[in-house]
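Small disclaimer: the values here were computed from a predicted structure and weren't measured. Values below: every heavy atom of this structure, side chains too, minus hydrogens, waters and symmetry copies.
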Amino acid sequence: MAGKQGKAGTEVVGALERLLASSYTLYLKTHNFHWNVTGPMFQTLHLMFETQYNELALAVDLIAERIRALGVPAPGTYREFAALSSIKESKGVPSATQMIRELVAGQEAVARTARSVFPLVEKVNDEPSADLLTQRMQLHEKNAWMLRSLLG
């Protein structure tokens, strides 16, 4: 599609690459927090983070495969992801509460990134990408809500 749809198709691929990079960075951050969380909410957070990083592992595969279906190699290196991602890495090991805050911000950022792609996919009638984006937004908004509920 990217080649056939010109600039609009290229913009869709670029936006999906940013979604992939942000999703992968959130995956890595969530997995890191799963390994390193401590405190009275350990069990709850350890399991919640595991569920969320498993969801993200599946998501990055779907997003990368959509990019490939559009005829473009998917980015797949830390360098590419760091340049494309809207999510920044954490320094050190934050407290459990700070982990939750960072993951809420990350979930919201990925949902915003997915939402920003919609006008582009609508312009080129790319229904498969629109469907993928809808699924991603639903999941990230739900995860942000669930994490926020732990903050009181």
Side-chain angles (χ1 to χ4, degrees), residues 2 10-70 72-122 126-152:
T10 301
E11 290 174 356
V12 168
V13 170
L16 289 174
E17 288 173 340
R18 290 188 299 280
L19 180 63
L20 174 62
S22 294
S23 298
Y24 193 88
T25 304
L26 183 58
Y27 159 80
L28 187 60
K29 180 179 273 200
T30 306
H31 210 155
N32 174 23
F33 290 173
H34 164 79
W35 291 329
N36 291 301
V37 68
T38 59
M41 292 193 300
F42 170 81
Q43 186 66 18
T44 299
L45 293 177
H46 187 73
L47 293 174
M48 180 182 279
F49 295 167
E50 182 176 14
T51 298
Q52 291 181 1
Y53 78 69
N54 282 328
E55 291 169 344
L56 285 158
L58 296 172
V60 296
D61 200 47
L62 292 172
I63 299 164
E65 288 176 356
R66 183 67 196 142
I67 293 168
R68 292 298 298 134
L70 295 173
V72 178
T77 66
Y78 288 123
R79 183 175 5 152
E80 290 171 306
F81 289 157
L84 292 165
S85 180
S86 63
I87 298 172
K88 302 301 173 207
E89 293 183 354
S90 299
K91 293 185 177 162
V93 178
S95 69
T97 301
Q98 185 59 31
M99 287 177 179
I100 295 167
R101 286 189 184 107
E102 287 189 32
L103 292 179
V104 166
Q107 294 283 348
E108 291 172 343
V110 175
R112 275 191 309 276
T113 300
R115 185 169 277 105
S116 74
V117 184
F118 254 97
L120 301 172
V121 300
E122 287 177 341
D126 181 358
E127 289 83 4
S129 292
D131 182 54
L132 175 66
L133 294 168
T134 300
Q135 292 174 38
R136 299 310 322 138
M137 287 185 302
Q138 286 174 335
L139 188 66
H140 291 293
E141 289 172 357
K142 176 184 173 189
N143 285 345
W145 160 67
M146 292 181 81
L147 288 161
R148 270 193 310 273
S149 74
L150 296 171
L151 296 172

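With rounding to the nearest 0.5 angstrom, the CD atom of Q98 is 10.0 Å from the CG atom of L103. Here CG of L133 is found 9.5 Å from CZ of R66. Values are rounded to the nearest 0.5 Å. A distance of 12.5 Å separates CG of L19 from CZ of R112, quoted to the nearest 0.5 Å. Once rounded to the nearest 0.5 Å, the distance linking CD of E17 with OG1 of T113 reads 13.5 Å. Remark: R136 CZ to S23 OG distance equals 6.0 Å, nearest 0.5 Å. Rounding to the nearest 0.5 angstrom, the gap separating the OG1 atom in T30 from the CD atom in E55 is 10.0 Å.
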(request) Would you check, one step at a time, whether the test side-chain contact (heavy atoms from CB on, under 4.5 Å) holds for E141 with E108? (result) CA-CA 7 Å; E141 289 172 357; E108 291 172 343; over 6 Å; no
(message) Assess the residue pair T134 and F118 against the criterion (side-chain contact (heavy atoms from CB on, under 4.5 Å)); give the C-alpha distance rounded to whole Å, side-chain angles, the decisive distance to 0.1 Å, and a yes or no.
(response) CA-CA 9 Å; T134 300; F118 254 97; 3.3 Å; yes
(message) For a side-chain contact (heavy atoms from CB on, under 4.5 Å) check, start with the C-alpha distance between L56 and H31, then their side-chain angles and the critical distance, and finish with the verdict.
(response) CA-CA 10 Å; L56 285 158; H31 210 155; over 6 Å; no
(request) Apply the test side-chain contact (heavy atoms from CB on, under 4.5 Å) to residues R148 and I100: give CA-CA distance (whole Å), side-chain angles for both, the deciding distance (0.1 Å), then the verdict. (result) CA-CA 7 Å; R148 270 193 310 273; I100 295 167; over 6 Å; no
(message) Between T77 and E80, is the side chain to side chain donor-acceptor pair (under 3.5 Å) condition met? List the steps.
(response) CA-CA 5 Å; T77 66; E80 290 171 306; 3.0 Å; yes
(message) Using side chain to side chain donor-acceptor pair (under 3.5 Å), reason through H34 and E50 one step at a time and then give a plain yes or no.
(response) CA-CA 6 Å; H34 164 79; E50 182 176 14; 4.7 Å; no
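A 6.0 Å sphere centred on CD of E89 holds no more than 12 heavy atoms belonging to other residues, nucleotides or ligands.
Note: F81 and Y78 fail the aromatic proximity criterion, with ring centroids not under 6.0 Å apart.
With contacts defined as side-chain heavy-atom distances shorter than 4.5 Å, the pair L45/L150 qualifies. The shortest distance between side-chain heavy atoms of D126 and P128 falls below 4.5 Å. Inter-residue side-chain proximity for Y24 and P75 is flagged as unmet; no heavy-atom pair is nearer than 4.5 Å.
Here the closest heavy-atom approach between residue I67 and residue P73 is recorded as CG2-O, 4.1 Å. S129 approaches V121 most closely through the heavy-atom pair CB-CG1, 3.6 Å. Listed here is the closest heavy atom pair of T25 and I87: CG2-O, 3.4 Å. Between L120 and A15, the shortest heavy-atom contact is CD1-CB, 3.9 Å. The minimum heavy-atom distance between Q107 and A144, with the atom names listed, is CB-CB, 3.9 Å. Contact detail for V37 and F42: the closest heavy-atom pair is O-CD1, 3.2 Å.
Between the side chain of N32 and the backbone N or O of L28 there is no donor-acceptor pair closer than 3.5 Å. Side-chain atoms of R18 do not come within 3.5 Å of backbone N or O of S22 as any donor-acceptor pair.
Between K29 and E102 a salt bridge is recorded (basic side-chain N to carboxylate O distance below 4.0 Å).
By the side chain to side chain contact (heavy atoms under 4.5 Å, CB included) test, E65 pairs with D61, sequence neighbours left out.
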